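Have a look at the structure below, then the notes.
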Amino acid sequence: MSERASVPKEDEQDAEAAGAEAEAETDAEPPADGEREQEPEATGADAVVRALENAGVEYLFGVQGGAIMPVYDALYRSDEMTHVTMAHEQGAAHAADAYGIVTGDPGVCMATSGPGATNLVTGLADASMDSDPLVALTGQVPTDFVGNDAFQETDTIGVTQPITKYNTFADDSDAVGTDVGTAWALANDGRQGPTLVDLPKDVTQGETDAEPGLPETPDTYQPPERAEPENVATAAEVLADADRPVILAGGGVIKAEASEELREFATEHEVPVITTMPGTGAFPETHDLSLEIAGMHGTGYANLAVSLTDCLLAVGTRFDDRLTGDVRTFAPDADVIHVDIDPAEISKNIEADYPLLGDAAAVLDQLAEAMPASPDTDEWLEQCQTWKEEYPMDYETPEDDPLKPQYVVEKYDELTPADTVVAAGVGQHQMWAWQYWTWTEPRTWVTSHGLGTMGYAVPAAIGAKLAAPDREVVAFDGDGSFLMTGQELTVAVRENLNITIVVLNNEAVGMVRQWQDGFYEGRRMASEYPWVPQFDKLAEAYGAQGLRIESYDEVEETIQEAREYDGPSVIDAVIDPAENVYPMVPSGGNNARFALNEDHLEQL
Amino acid sequence: MTQGELPGPGPDARQLPEGRRNEDGIRIDPEAEAEHPPERTVLSALVKHEPGVLAEISGLFSRRQFNIESLTVGATIDDDLARMTIVIEEPRPGIDQAKKQLEKRIPVVSVRELDDEAVQRELVILKVNGDRPDEVNAITDMYDGTTLDAGPRTITVQITGDEQKIDDAVDAYEQFGIRELVRTGYAALARGEAPTAQVKQPNKAPTESQVATTEADDD
Ligand SMILES: Cc1ncc(C[n+]2csc(CCOP(=O)(O)OP(=O)(O)O)c2C)c(N)n1
């Protein structure tokens, strides 16, 4: 097995300081062949563009640069796709990621070599953790320069290997179109995820008449579709016999478009449903059987149910530690039926007693057919109802300020249609948005679950709005998160996107401060931000509408003003800086022993 | 003012489950606690013979903290495919996870865990001081080794065999003073008719070129 070698061409000119740019110029010389038409020959870059068109790509998010220039030049001639220039490549990756979450099809982002590619890295890691469909195209220095530390060279394949489902170095102009099609197909098929094609400049500039076909996955990749019938039958029997069954719906349910099947199954057999954070929206929280959300900041009733269930039907979840807490205390009395399309998720963190490999929608249908009877859940549902009454999600709303963030979330939810798309950054504001919004539809909750990427919200709102132009889009962001990618506001203004960004401003990286108060005796090292800008004024500087709320009576009116404005608005919502997120299961804790306040934390 | 305080009984007032899992997320049977001592196992993987695959696989093993004993890779009769032999030492759930993670990488065509019956060989080349050539030769004969190079000052030999045999041989040569040695790590194939990792596998159909190659081989 050889690592890629770079063999300089013999006639290579002295390229010392020339770097990629100068090399490009020599490469771009028109062919000496006098018989040729004026029309330029098709290049590898044209094949890249054609492959994307064949895949049905509508939007591309990216930033220009030397090594990716040939692809942009080819894009110039395409009128089927719209390129959205972002302020930063991280923004491009998150926008494409959000686009993929909302539409279900891979979003596409582009960057030049070196710093462009490395700026994509956070977005790729994010998409990888959340199994979001995403294709990244990165420029690369010409093949002959690879490995020589050329100007703006980075080993993008090496850097992104652990954070992509698949990546490939395109080394042939005739094959590059197919490479892009393969990357698109792999991002989309089976368990979705990010893929990357690294595009050396000589490969995209090279002439080719190869026509890329439709995206195709390699034959060696064949994700399971339907589970083995015998396994389904056994699992169905176990579930039918259970006294305290629970369905745990993960992001895989949404990815597999299995929400309808889930609803039918749960309703038919009267099994309560809990969603993980990525599974949010897979099952309507307005449904009697919904126990809402589980995990570190999940509802008390969901966490109790998941702790005491005797049969857990887990669909499309990877049992992240934010969900399980200490695995030793996670659903310890339960037979686990685990439905997943990725065999490697089976028994990775929680042992599956009954693994069912396949597409979530197909397997839920199979299970529905195989159920010999419904479990008798009357008593269990009653127990769950008691917990709902004992541990309601609530917060105090004093008459005037300081404003409680949960109220802003609830009010916004009340005023908007059910299919509103909600993006969020990472921190307390994300948890309040998650907890206090009433989720009823899949593909409406767009946030960074697995990686926990601050700065996700603003670019995600942009990608989400382009993915769903007819739907409302709101982003809840923290002051800290906003400061990381707020420059993407310039894109929202330029594209005149009707989005609202609500900065739940507590002048702190609040989630960190909450942990410092809870677990570091209040030593607030580097977590308070008494120097944040006025976000409404900042928004105005970008050309967006800037609004501010400080008290309860301004909330509704301001939200309406933002919603009615034709273009992006930023609401600087000055909230109670002392507010914390509860319930809370401390990291690695026992889900049944969630804390509802500070005193409880001390008891743990 | 309360700080986001929710109503409800405290942690101590709640019902707790009776069961328990171990650190691997496996439910513990109170009668027979689930214990998983590390096992040594040999994985054979058929992979696309492409640049970067070795880095991808070794990276996968290190970032998921699988304990690699040895990893070898080399060509097969099919120019498009290479075979990797990976020896790992892990508790059983870790071995299963390693197999699944390996299988899931796109350039990996198939993976198989070989049993103890498998033919496993490692090669060591070692260079000892040459002042007692007759004795060195005797040891080499004893271990069915081969002398690769002999001069007035050094003798270089090769030994193949399993880990135990090679360890023993190295011990035996120590008396002459070992100047340098290199071990290759394991190469292994399933014994007899049992297949090692193969192109055809339930979830991974062969590509056209692979089918063509296999047929050609049959002719
Ligand atoms: C890129 C990044 N850096 C650091 C962190 C660690 N972190 C997690 S939550 C958090 C606080 C977020 O603060 P802010 O965006 O203001 O939201 P708040 O918690 O105040 O609502 C930090 C720093 C992170 N998740 N992501």
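The structure displayed is predicted, hence computed values, not measured ones. Numbers restart at 1 for each chain; the letters A, B, ... are given by sequence-line order, proteins then strands.
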query: Hey, what do you get for CD1 (A:I346) to CD (B:Q97), rounding to the nearest 0.5 Å?
result: 10.0 Å

task: Answer yes or no: does atom CD of B:E39 have more than 12 heavy-atom neighbours from other residues, nucleotides or ligands under 6.0 Å?
output: yes

Flag side-chain contact, heavy atom, 4.5 Å: B:I106 against A:T182: no

field: Over-ring placement of B:R105 relative to A:Y166, 6.0 Å and 45° cut-offs
entry: no

message: Just verifying a value: how many Å separate B:R21 CZ and A:N349 CG, rounded to the nearest 0.5 Å?
response: 11.0 Å

message: Quick check on A:D326 against chain B: is it the side chain, the backbone, both or neither that has a heavy atom closer than 4.5 Å?
response: neither

- prompt: Is A:D335 salt-bridged to B:R27, going by a charged N under 4.0 Å from an acidic O?
  reply: yes

- line: When rounded to the nearest 0.5 Å, the distance separating CD of B:Q15 from OG of A:S307 is 10.0 Å

query: Would you call B:D24 and A:E351 a side-chain contact if the rule is heavy atoms closer than 4.5 Å?
result: no

- prompt: Contact part of A:D353 toward chain B, heavy-atom cut-off under 4.5 Å: side chain, backbone, both or neither?
  reply: side chain

- line: Under 4.5 Å to a heavy atom of chain A? For B:P93 that would be neither

query: Between A:A595, A:G300, A:A331, A:G190, which shows the greatest number of heavy-atom pairs under 4.5 Å with chain B?
result: A:A331

message: Are the side chains of A:L604 and B:P11 in contact, using a 4.5 Å heavy-atom criterion?
response: yes

- prompt: Side chain, backbone, both or neither: which part of A:Q383 has a heavy atom under 4.5 Å from chain B?
  reply: side chain

statement: In this structure, CZ of B:R14 is separated from CG of A:L304 (nearest 0.5 Å) by 6.5 Å

